[in-house]
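Everything on this sheet refers to the single structure shown next.
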There are 2 protein chains.
Amino acid sequence: MAATIRDVARLAGVSTSTVSRALSVPDLVNATTRAKVQSAAASLGYAPNKAARGLITGRTGNIGLVLPDLANPFFPSVVKGVQSRARAADVAVFVADTDENDLAEINLVRALAKQVDGLILCSPRANADELKRIAAETTVVLVNRLFDDIPAVVFDHQDGMRQAVAHLVALGHQRIAWVGGPVSSWSSEQRGSGLAAAAASQGVELVQVGHFPPYYDGGMAAADQVVATGATAVIAYNDLVAFGLLGRLHLRGLSVPADISVVGIDDIEAATMVRPTLTTVRLPKQQAGRLAVELLLSLLDEAVAPTPEPGGDSPGSQPDRARAEAKTNHRSLTGELMVRDSTGVAAR
Amino acid sequence: MAATIRDVARLAGVSTSTVSRALSVPDLVNATTRAKVQSAAASLGYAPNKAARGLITGRTGNIGLVLPDLANPFFPSVVKGVQSRARAADVAVFVADTDENDLAEINLVRALAKQVDGLILCSPRANADELKRIAAETTVVLVNRLFDDIPAVVFDHQDGMRQAVAHLVALGHQRIAWVGGPVSSWSSEQRGSGLAAAAASQGVELVQVGHFPPYYDGGMAAADQVVATGATAVIAYNDLVAFGLLGRLHLRGLSVPADISVVGIDDIEAATMVRPTLTTVRLPKQQAGRLAVELLLSLLDEAVAPTPEPGGDSPGSQPDRARAEAKTNHRSLTGELMVRDSTGVAAR
DNA sequence: GACGAGTCTGCAATCGGTTGTAGTCACATG
DNA sequence: CATGTGACTACAACCGATTGCAGACTCGTC
């Protein structure tokens with residue numbers, strides 16, 4: 001069906017090796033030969049077979065993207081970022097949805113790992129040991145999770161939470177509820193501790209109302225507990241949970257923000273579609289996706305053209321530099337508070 | 001790194017061909033040999049290299065899924081359906097988002113086509129000629145679009161629109177507005193004509209207010225024209241557009257459903273998160289995805305073990321049966337009206 | 001005990017590329 | 001004119017699997 005390198009070679013009157021070189025390392029072949037080959041290739045619409053190339057080079061030109069739940073609008077944004085960047089580098093992206101299931105997650109990772117050059121794990125639920133093992137046998141970039149020295153792109157939750165708390169404090173809130181996400185979620189932990197720090201430094205009370213599924217229903221389930229805390233403002237693990245809070249609060253006849261202020265995290269598109277529109281911390285999701293790809297690609301390049309063995313000739317020297325280098329594999333993106341209608345001056 | 005077939009062969013004390021057969025066509029090898037091979041393979045954690053296999057078999061074990069916009073929650077649902085079914089068949093899925101851009105669409109298709117066994121095109125925007133060409137050079141299944149004999153999974157918009165109109169008629173609405181989607185959208189056309197038919201047969205007036213982008217902003221833009229028509233009810237191209245209508249109507253101080261009823265199409269999750277909750281036609285999105293994969297896989301099987309040439313021995317005979325067979329490549333799924341708070345008895 | 005039939009297994013070619021190595025050729029130099 | 005040099009290009013092995021074909025082996029039968 002498709003043209004092979006042999007077809008091109010025949011048409012150009014050269015050998016297949018010359019074709020291969022003319023197309024991948026043009027400097028190695030004579031200019032006139034190169035031109036012949038290139039025009040032959042063009043006229044046949046030749047494109048090298050990725051599988052065949054991968055067989056010999058050991059690289060597939062594909063990457064994998066594993067995430068918990070495509071139905072959560074947070075993730076499609078990341079996917080878009082990943083795709084746009086990957087496309088520019090001419091690599092294709094396998095996308096896999098784990099349905100928030102950590103078992104499915106490691107199975108998918110295992111299955112994908114063999115077909116890709118590297119993997120991007122977005123908000124992985126896997127535990128530390130599994131993560132460690134995965135990273136040991138595959139090139140991996142984490143998004144929205146930090147673990148050891150595994151390269152990662154994360155959001156600066158400390159800062160995001162600080163912004164949210166500052167906003168609420170300015171509105172007079174003194175007692176803020178926090179609706180946590182899944183226990184296995186790194187970002188939930190980060191957001192929680194970021195909040196705790198922010199609340200402490202800004203002199204307000206923070207009360208956690210537990211862990212809830214990161215869906216609308218999770219927010220519904222949390223709402224009554226939030227009300228019971230007597231807090232005048234609540235920060236939700238993510239926007240979906242915030243929506244659930246809004247829904248249940250409305251059912252109970254409580255008015256937002258008059259009776260209670262609600263803050264989300266993520267800034268998914270729907271945040272401006274609900275009423276009241278949702279005050280939330282916007283995370284640069286697409287950018288995270290793009291950065292993750294860049295990080296991954298640079299790691300892959302590095303692997304093929306390895307930098308001099310760290311400490312190879314002078315073992316133990318410059319440990320600080322080594323650590324600093326490792327640090328550069330962690331990119332932190334800051335969020336931005338979007339103030340909308342769901343927050344107002346504290347009740348009472 | 002990973003174990004190859006040679007490693008297994010060595011460990012089992014047989015040749016690579018025996019290993020290959022023992023694992024793929026077990027009947028061909030002696031039971032004891034087979035057991036030896038299988039345990040060797042298991043102990044090495046052997047899994048055949050897909051690229052190498054693909055090289056000789058011509059099949060990659062991958063499929064591609066192309067869709068207009070992952071940010072529209074309609075599509076992630078389809079993706080989920082596709083993935084769950086594909087995973088069961090051990091095929092991996094490339095996902096590509098075209099950003100509603102028909103040019104990007106054909107480029108992506110072209111790029112993907114070489115790396116996959118088949119393609120699922122979801123709500124493709126490509127025109128007829130391009131579609132024809134694509135289908136000619138790749139195994140393709142369409143979702144949410146019908147064209148010629150290309151295998152497809154579609155939704156029965158006739159019926160969905162009939163349900164929506166019946167609901168509105170029962171509420172006393174006599175003049176219904178229709179907010180169309182993109183002009184290049186097949187489903188918009190279908191929904192429009194389905195509506196026209198339903199309105200005619202049920203004796204109510206239908207007024208189209210043009211074509212709008214399938215986003216929240218499209219609904220915002222359409223709302224004022226809808227109001228100007230004097231219609232007491234409006235059906236939107238999809239839920240996102242309906243949300244936009246709700247938003248703009250609210251801004252204008254109109255109350256839904258007291259002043260005007262709003263109906264969406266899709267039933268994305270957010271339909272129950274907005275206020276008022278949205279009456280909408282639920283489309284079985286995941287099922288569509290699953291069916292599309294099944295259709296695609298069966299077509300691929302067929303291609304490898306082709307059925308007797310249609311009309312080969314008795315040309316021209318049984319044209320009806322042939323046509324009926326072609327028809328079986330079109331699956332139609334019916335939607336279901338979800339009545340919620342955005343529809344009520346007609347104003348006045 | 002030899003031969004035929006029937007099973008099973010191994011050899012080797014093949015898929016479409018890449019790449020180390022050896023060979024060709026033109027040219028310049030002694 | 002013979003030889004050395006450098007710049008290209010062709011040959012062939014190889015990546016990891018699959019598969020047609022032929023050889024080996026077992027067993028039953030005459």
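Sequence lines set the chain letters: A, B, ... in the order given, protein chains first and strands last, and positions in each chain run from 1.
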Pick one: which of B:N329, B:L291, B:V293, B:L296 meets side-chain contact (heavy atoms from CB on, under 4.5 Å) with B:V141?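 When side-chain contact (heavy atoms from CB on, under 4.5 Å) is applied between B:V141 and each of B:N329, B:L291, B:V293, B:L296, only B:L296 qualifies.
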Just call it for A:V19: base, sugar-phosphate, or nothing, with non-hydrogen atoms closer than 4.0 Å on any strand.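 Result for A:V19 = nothing.
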Using a heavy-atom cut-off of 4.0 Å across all strands, would you classify B:A31 as base, sugar-phosphate, or nothing?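 The answer is nothing, as B:A31 stays clear of every strand by at least 4.0 Å.
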Is there a side-chain contact between A:T98 and A:L67, using heavy atoms and a 4.5 Å cut-off? no
May I ask you to test the B:F94-B:N62 pair for a side-chain heavy-atom distance under 4.5 Å? yes
Non-hydrogen atoms of A:D97 and A:L70 that approach each other most closely: OD2-N, 2.6 Å
Here the pair of heavy atoms bringing A:T16 nearest to A:A9 is N-CB, 3.8 Å
Whole-Å distance between [N] [atom2] and [X] [atom1]?
X      : N      : atom1 : atom2 : result
A:L44  : C:dG16 : CG    : P     : 14 Å
B:K114 : C:dG17 : NZ    : C1'   : 15 Å
B:L55  : C:dA13 : CG    : P     : 17 Å
B:R53  : C:dG17 : CZ    : P     : 21 Å
B:R34  : C:dT7  : CZ    : P     : 15 Å
A:R6   : C:dT18 : CZ    : P     : 11 Å
B:N49  : C:dG16 : CG    : P     : 16 Å

Heavy-atom contact window of chain B on DNA chain D, given 5' to 3' at under 4.0 Å: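 Endpoints of the contacted stretch of DNA chain D: D:dG16 to D:dG20.
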Do any side-chain nitrogens or oxygens of A:Y46 fall under 4.0 Å of OP1 or OP2 in C:dG17?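 Yes, because at least one side-chain N or O of A:Y46 sits under 4.0 Å from OP1 or OP2 of C:dG17.
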Working to the nearest 0.5 angstrom, can you tell me the gap between [X] [atom1] and [Y] [atom2]?
X      : Y      : atom1 : atom2 : value
A:I5   : A:Y46  : CD1   : OH    : 4.0 Å
B:F147 : B:L121 : CZ    : CG    : 12.5 Å
A:Q115 : A:I63  : CD    : CD1   : 14.0 Å

Listing time: all N or O pairs from protein to nucleotides 19-25 of chain C that are below 3.5 Å?
residue: C:dG20; atom: O6; partner: A:R21; partner atom: NH2; Å: 2.9

Could you please spell out the steps behind the salt bridge (Lys or Arg N to Asp or Glu O under 4.0 Å) verdict for A:R21 and A:D27? CA-CA 8 Å; A:R21 279 189 264 263; A:D27 312 314; over 6 Å; no
